[in-house]
Amino acid sequence: MAIIVDLDVQLAKRNLSVGEFAAAVGITPANIAVLKNGRAKAVRFTTLDAICRTLDCQPGDVLRWVPDDEGTEGNDEYND
């Protein structure tokens with residue numbers, strides 16, 4: 001996946017533990033771990049809003065896109 005979640009960076013900047021952050025956002029520490037480890041398939045806008053409110057940041061401070069060339073090579077759908 002080419003979307004990188006930088007929650008670790010934001011939590012470290014604010015000296016927040018996963019447990020403190022999860023409680024402030026209103027989701028479980030397990031779901032925070034899923035996000036941090038890049039295993040999430042989706043993020044609700046309400047969750048992203050709560051994350052940004054808690055961290056006082058923009059979505060781009062938490063999520064970033066990086067090209068994934070390996071995922072598109074040899075796939076005719078992407079090589080038109």
Side-chain angles (χ1 to χ4, degrees):
M1 164 121 358
I3 302 297
I4 306 300
V5 181
D6 286 325
L7 275 178
D8 284 339
V9 173
Q10 297 301 320
L11 294 179
K13 284 182 180 178
R14 290 158 179 82
N15 293 320
L16 277 174
S17 72
V18 170
E20 292 170 326
F21 179 65
V25 171
I27 62 177
T28 66
N31 282 335
I32 296 294
V34 168
L35 283 171
K36 283 179 26 175
N37 296 326
R39 294 182 315 218
K41 299 294 181 193
V43 178
R44 289 188 174 130
F45 281 151
T46 54
T47 302
L48 185 58
D49 177 64
I51 288 169
C52 290
R53 284 179 191 270
T54 300
L55 297 175
D56 190 27
C57 69
Q58 293 295 312
D61 297 327
V62 178
L63 303 173
R64 63 186 165 95
W65 176 81
V66 292
D68 185 13
D69 294 334
E70 291 179 21
T72 58
E73 287 180 16
N75 187 337
D76 291 335
E77 180 179 348
Y78 297 105
N79 294 326
D80 290 334

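Residue indices begin at 1 and follow the sequence shown.
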Is there a chain of hydrophobic side chains (I, L, V, M, F, W, Y, each step under 4.5 Å between heavy atoms) that links Phe21 to Leu48? yes
With Ile32, which of Val5, Asn37, Ile27, Ile51 fulfils side-chain contact (heavy atoms from CB on, under 4.5 Å)? Ile27
What one should report as the nearest heavy-atom pair of Asn15 and Glu20 is O-OE1, 4.0 Å
Give, for atom CD1 of Ile3 and atom CZ of Arg64, the distance between the pair rounded to the nearest 0.5 Å. 10.0 Å
Donor-acceptor pair, distance only, cut-off 3.5 Å: does the side chain of Asp61 make one with the backbone of Gln58? yes
Spacing of CG belonging to Leu63 relative to CD1 belonging to Ile4, to within rounding of 0.5 Å: 10.0 Å
OG1 of Thr47 to CG of Leu35, rounded to nearest 0.5 Å, is 8.0 Å
Quick one: CG on Asn31 to NZ on Lys36, what's the gap to the nearest 0.5 Å? 13.0 Å
Residue pair Ala22 / Thr28: nearest heavy atoms and the distance that separates them: CB-C, 3.9 Å
With a 6.0 Å cut-off (strictly less than), is the heavy-atom count around CZ of Arg39, excluding the residue itself, greater than 12? yes
ILVMFWY network linking Leu7 to Leu16, side-chain heavy atoms under 4.5 angstrom: yes
Side chain of Arg14, backbone of Leu55: donor and acceptor closer than 3.5 Å? yes
I'd like to know if the side chain of Thr54 reaches the main chain of Ala50, judged simply by a donor and an acceptor atom lying under 3.5 Å from each other, with no hydrogens or angles considered. yes
Val66 reachable from Val9 in the ILVMFWY side-chain graph, under 4.5 Å edges: no
